[in-house]
Number of protein chains: 2
Amino acid sequence: MHYESASVSERRTLPPAVAVSTVAFALRPPLGSAIGSAAPRPGEEAGAPTLWIPLVRRTRAPFLGRWALPGGPTRWNETLADTALRTLHDAVLRAPGYLEQLYSFGGVERSADAQRLVTIAYWALYGERDLAAEPSLAVRVSVPDAGRAGEPAPIGAPAAAGVRAVDPADGSVAPARWDDVPVAGDPSPALDTAEGPSQPGEEGACLPDLSDPNVSWFSADALPELAFDHAEIVAYALERLRVKTEYSAIAHLFLGPVFTLGQLRTVHEAVRGESVDPANFRRQALARGSLVDTGEFETGTPHRPARLYRFRDEPGPLSPSRPGPSAPQTKDTP
Amino acid sequence: MHYESASVSERRTLPPAVAVSTVAFALRPPLGSAIGSAAPRPGEEAGAPTLWIPLVRRTRAPFLGRWALPGGPTRWNETLADTALRTLHDAVLRAPGYLEQLYSFGGVERSADAQRLVTIAYWALYGERDLAAEPSLAVRVSVPDAGRAGEPAPIGAPAAAGVRAVDPADGSVAPARWDDVPVAGDPSPALDTAEGPSQPGEEGACLPDLSDPNVSWFSADALPELAFDHAEIVAYALERLRVKTEYSAIAHLFLGPVFTLGQLRTVHEAVRGESVDPANFRRQALARGSLVDTGEFETGTPHRPARLYRFRDEPGPLSPSRPGPSAPQTKDTP
DNA sequence: CCAATAGTGTCTATTAGACACTATACT
DNA sequence: AGTATAGTGTCTAATAGACACTATTGG
């Protein structure tokens, strides 16, 4: 509010603005969304599925017209995860199935001669169940992990009331609960974030509008040139997804509630970018102990039908267990 | 500047203040510093070394008198890492040998009815060489990694000009260079961060003053009650240190430029909190390929003298190689 | 029948870990 | 000699990966 009267030189001395940018992944673009990447890039036919990322075309000053990550400034009554979810929903019109903080960027050089900007990057994941529905319903938000097994103490910080924290490493559900995600135009009375005289580093999303021409999905390995340092953020998010897929069980979040081991393997192949031995993958996946045989089988395949599994403890909308902030647990396989 | 005239209700609508808090580790407190933990806690004699953490006693409103992590608001011309280094230096009077971002906390509940606060947590490491000297000289700042092997694309973001980014995973030196760290009282003309009418969540460090009574080192497993959610941040940092020690080579940073395998093993034991088989540790440490035999030997031991090693590529103050932001590399041992 | 994927069995190289043993300093 | 740590050798269990083989569907 006071900002709008500040001169350019004054803005330099203001405290940094806080914004969020999110790299979201899905195995395919949602139906009805615009597609940026032209076809599965040459050399890889429809055989190998790839990851898709939603981008937003910038409609203002720095990097005008360039594609950028969905995101925008934090509002005064939002947690950082809330901001990520809101701006992501503005772009994708759907809530992701998973959200995790990635890294914070506070370099003074990010917006050279304008107000300082601190950007917290998140990464998100859209599964089949998330891509399907039109109205957003719920979302799970993870807590940080120490970068590998034995998820550390879930810090009670980021997820404000109303967001669920789930520990994807061992499948156990950490403190949290389901709730609604703030939808598009919730009136936050304060701080017009969208229209300051120039929030210069602002990396905003556009108003939700069915088939928004300024929102499009791109194949992760055929991205256009991105605004700011978003290309590096995407690269980092991809690496994070790869690493996390190897030691944690998140691949199933790309799929529906039940899936075959072949489908799960396909996710791993898309994430790792290489083919995986079906036999060995099967053993490892089952050895994790987090898959439950539903007893059902795939139908309508031109080959032997595969067994259907679901992830362990796919709970109903509520589960009362609350392990608490918890001491560090055991690691699994160093 | 505008803030100082804002009422309490107005402050709620201001953009969040950005602060940094740092969990620093060392194998021992620096000489001449105050010691908070009374003796090596019972049950563990001098035999097993533990980790030490510097804390700062709060001198203002929320949590007055409680111990807290060194930290404080970021200044307009500082990167986040700069802020961590400055506030850490204010408390410890020395620059750490390693600094890495941990996580960002932006919950709206952190400062209930006052200005919103976003805190970026860092963790740092003081080695023997860092604890020795009194005037600060240089510091290495790491870039994020994806949480495990195959360090991801070093994102050029956080480290502003003048801070070195080193990739501790494989010992190769990533883009960066040595430089001075901002020392105590550099006059930042703008934004009086220390004395707003009440920057309520502010977690500031005190003025540097030899043997500051408000700064003390505590054994990591005998910490006092901490302000804010700092206990959880410490727990997370500890877990991060443990995990990172297992897959990356950072333990040597606790030691001097040359060290024996026994000393290195002692560091691992302190970090992991359990004893490690000397024979197996030796093999693994040497198999990494990052240790160089100096050909020298320990002297003055009451037993067979141990061979002295140094870490691979312990370079002079400057090394020109610059791999660049780089594509994700290969992983090592999933 | 064939094509295609599901699913099982098995062999090998690597690794973590336990632990016995030898080597070399000081007292 | 005795003690303490350095350093080597070796055995075992677990694991990742390669790959041959059988099973079961649709066409």
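Every chain is numbered from 1 and lettered A, B, ... according to where its sequence line falls, protein lines coming before strand lines. All values below come from the heavy atoms of this structure, side chains included, with hydrogens, waters and symmetry mates left out.
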Divergence of helical axes at both termini of the helix from C:dC1-D:dG27 to C:dT27-D:dA1 - five pairs an end, 10° steps: 10°
5'-most by nearest nucleotide on DNA chain D - A:Pro302 or A:Gln284: A:Gln284
Base-contact (B) and sugar-phosphate-only (S) positions in nucleotides 5-13 of chain D, heavy-atom cut-off under 4.0 Å, - elsewhere: BBSBBB---
By side chain to side chain contact (heavy atoms under 4.5 Å, CB included) - contacts of B:Ala237 (at least two apart): B:Val23, B:Phe25, B:Leu102, B:Trp123
Test side chain to side chain contact (heavy atoms under 4.5 Å, CB included) applied to A:Arg283 - qualifying residues, sequence neighbours left out: A:Ala279, A:Asn280
Sequence neighbours excluded - ring pair (Phe, Tyr, Trp, His ring centres under 6.0 Å) pairs with any residue from residues 268-302 of chain B: B:His268-B:Phe281
Contacts of type salt bridge (Lys or Arg N to Asp or Glu O under 4.0 Å), residue A:Arg307, not counting sequence neighbours: A:Asp293
With A:Gln263 via side chain to side chain donor-acceptor pair (under 3.5 Å) - residues at least two apart: none
All pairs passing salt bridge (charged side-chain N to carboxylate O under 4.0 Å, His left out) where residues 256-269 of chain B contributes a residue, at least two apart: B:Arg265-B:Glu269
4.5 Å side-chain heavy-atom contact, B:Phe311 and B:Leu253: no
Residues that A:Arg28 engages under salt bridge (Lys or Arg N to Asp or Glu O under 4.0 Å), provided they are two or more places apart: A:Glu128
Separation of C:dA16 C1' from B:Arg288 CZ (nearest whole Å): 14 Å
Length of the line joining B:Glu274:CD and C:dA16:P, which is rounded to integer Å: 15 Å
